[in-house]
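First the proteins, then the strands, lettered A, B, ... as listed; each starts at 1. All values below were derived from every heavy atom in this structure, side-chain atoms included, with hydrogens, water molecules and symmetry-related copies excluded.
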2 protein chains.
Amino acid sequence: MAHQHRDYEALMRRHGFRVTPQRQLILDAICEGEGHSTPEQIYERVHAKAPAVNRATVYRTLDFLHELRLVFAADLGGGSMVYEIAGDKPHHHLVCQSCGKVEEIPHQTVKGLFARIGREQGFTVKTDHLALFGLCRDCRGEDPGS
Amino acid sequence: MAHQHRDYEALMRRHGFRVTPQRQLILDAICEGEGHSTPEQIYERVHAKAPAVNRATVYRTLDFLHELRLVFAADLGGGSMVYEIAGDKPHHHLVCQSCGKVEEIPHQTVKGLFARIGREQGFTVKTDHLALFGLCRDCRGEDPGS
DNA sequence: CTACATGCAAAGAGTTTGCATCCGC
DNA sequence: GCGGATGCAAACTCTTTGCATGTAG
């Protein structure tokens, strides 16, 4: 299926897990998303190709892929977690509370903070997708009271 | 009821809202928590004093108090939001994924990042309680594969 | 052939909503 | 007394779980 990332099949097998069609379909669906996908979106993409696949399998597989570090998981506050294919450098998100727009923060910007926390508090930050909420360039200034 | 924070009654009335016994009880319960409380914990504290108060009222009131900025809300990943009385300087949290311990990050540590994001990306961060997940001093080094 | 993975259906947690009643102002 | 606030119960969303069946290795 030519995923852009490295040999996920070998990774699964090396850890003693099986490579099933469902796992491949779900991984494909995450890649198709080009960005963040909710479990429901992933389920729908998979379901379009393979109607027999169950929601529970999607949830179980997303946990599984996240544990194998094949996907990133983030809570962008939309009610569901969102998942994204791993492999590129980590990046983080700014979520506008007014218009809902999501923009990225380069890891470079955040790196210093994580390092400082490691140094000063002895805590290793493992958040792979940080989400910060606030007002984007277009919406700030429009939101007086709230 | 001598809350440590400023005149919440006037604030509510100024915005055209009513000061009800439920709202006072819920505010009290948040203060008693001394830290983060889930809606359920708050409900239980209120319910002990006033069994007639309903869960729905707790949820509605927490939203209400958050909108008035009388309480902070944070998602520490425990399944429920957590609420804390506002008024002190903002602070943020490190949540250990191994032992569950929660420690604080001084706002000072995070401030630089928020400022940088405002400067470089034109985005005003409004996250009042940031939560970062990872491994605390005691747990790092213990967690090889995962 | 055996243990891991899946499908199904049901349960579970946390939260929200419609509507009649209540009560603060 | 008017309109916001509450209680109640039901619904709703997202996710998890038990168990029988299926299948990868």
Side-chain angles (χ1 to χ4, degrees), chain A residues 1 7-29 36-68 70-71 73-83, chain B residues 1 7-29 36-68 70-71 73-83:
Chain A
M1 212 58 227
D7 200 344
Y8 69 91
E9 295 200 13
L11 182 68
M12 289 184 193
R13 281 196 255 261
R14 186 172 351 118
H15 287 257
F17 299 113
R18 294 180 185 168
V19 179
T20 65
Q22 288 91 337
R23 287 177 176 172
Q24 293 175 314
L25 282 164
I26 290 167
L27 209 37
D28 288 351
H36 303 112
S37 305
T38 62
E40 186 60 23
Q41 292 169 328
I42 293 164
Y43 169 74
E44 275 163 21
R45 277 180 225 131
V46 171
H47 191 255
K49 294 184 190 170
V53 175
N54 195 270
R55 260 191 198 79
T57 302
V58 172
Y59 281 101
R60 285 189 282 231
T61 302
L62 289 173
D63 285 349
F64 167 79
L65 295 173
H66 186 227
E67 273 173 26
L68 284 185
L70 287 170
V71 303
D75 182 353
L76 300 187
S80 289
M81 280 288 183
V82 294
Y83 296 87
Chain B
M1 214 59 230
D7 201 344
Y8 70 93
E9 295 199 13
L11 182 68
M12 289 183 193
R13 281 196 256 261
R14 185 171 352 118
H15 287 257
F17 300 113
R18 295 180 184 169
V19 179
T20 65
Q22 289 89 337
R23 286 177 174 172
Q24 293 175 313
L25 282 164
I26 290 166
L27 208 38
D28 289 350
H36 303 112
S37 305
T38 62
E40 186 61 23
Q41 292 170 328
I42 292 164
Y43 169 74
E44 276 165 21
R45 277 180 225 132
V46 171
H47 190 254
K49 294 184 189 168
V53 175
N54 196 270
R55 260 191 199 77
T57 302
V58 172
Y59 281 102
R60 284 189 282 230
T61 301
L62 289 173
D63 284 349
F64 167 79
L65 295 173
H66 187 227
E67 272 173 28
L68 284 185
L70 288 171
V71 303
D75 183 354
L76 301 188
S80 288
M81 281 288 182
V82 294
Y83 296 87

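- Residue B/Q22 has a polar side-chain atom (N or O) positioned under 4.0 Å from OP1 or OP2 of D/dG7.
- Rounded to whole angstrom, the span from the CZ atom of B/F17 across to the C1' atom of C/dC23 amounts to 17 Å.
- Put simply, CZ on B/R60 is 11 Å from P on C/dT16, counting in whole angstrom units.
- Here D/dT6 presents its C1' atom at 15 Å from CD of B/Q24, a figure rounded to the nearest Å.
- Distance from the side chain of A/R18 is smallest for D/dG22 among the nucleotides D/dG7, D/dG22, D/dT15.
- Across the interface with DNA chain C, nearest-nucleotide mapping of B/G79 and A/V53 shows A/V53 to be the residue nearer the 5′ end.
- Between the NE2 atom of A/H15 and the P atom of C/dA3 there is a distance of 22 Å, given to the nearest Å.
- Put simply, A/Y59 has no side-chain N or O that comes within less than 4.0 Å of OP1 or OP2 on D/dT16.
- In this structure, A/I42 CD1 and A/L25 CG are separated by 12.5 Å, a value rounded to the nearest 0.5 Å.
- Inter-residue side-chain proximity for A/L65 and A/M12 is flagged as met; some heavy-atom pair is nearer than 4.5 Å.
- At a threshold of 4.5 Å between non-hydrogen side-chain atoms, the residues A/S80 and A/Q41 do not count as touching.
- Side chain of A/R55, nearest nucleotide from C/dG14, D/dT15, D/dT16: D/dT15.
- B/H47 meets the ring-ring contact (aromatic ring centres under 6.0 Å, His included) test with B/Y43; sequence neighbours excluded.
- Put simply, OH on A/Y43 is 13 Å from C1' on C/dT6, counting in whole angstrom units.
- The side chain of A/T61 contributes no N or O atom lying less than 4.0 Å from OP1 or OP2 of C/dA5.
- The side-chain heavy atoms of B/F17 and B/R23, taken from C-beta on, include a pair separated by under 4.5 Å.
- At whole-Å resolution of the value, CE in B/M81 and P in C/dT15 are 8 Å apart.
- With D/dA24, D/dT15, D/dC8 as the choices, the nucleotide that has an atom nearest any side-chain atom of B/N54 turns out to be D/dC8.
- When each of D/dG25, D/dT6, C/dA5 is scored by its nearest atom to the side-chain atoms of B/R23, the top-ranked nucleotide is D/dT6.
- With rounding to whole Å, A/Q41 atom CD is found 12 Å from D/dT15 atom P.
- Within the structure, every side-chain polar atom (N or O) of B/T20 is placed at least 4.0 Å from both OP1 and OP2 of D/dA5.
- For the atom pair OG1 (A/T57) and CZ (A/F64), the distance works out to 12.5 Å, reported to the nearest 0.5 Å.
- Sequence order on DNA chain D of the closest nucleotides to B/P51 and B/F64 puts B/F64 first from the 5' end.
- The distance from atom CD1 of A/I26 to atom CG of A/L70, rounded to the nearest 0.5 Å, is 12.5 Å.
- Bending across the helix from C/dC1-D/dG25 to C/dC25-D/dG1, expressed as the angle between its end axes from five pairs apiece, amounts to 40° (10° rounding).
- Note that CG of B/L68 and CG of B/D63 are 11.0 Å apart. Values are rounded to the nearest 0.5 Å.
- At whole-Å resolution of the value, CG in B/D75 and P in D/dC14 are 15 Å apart.
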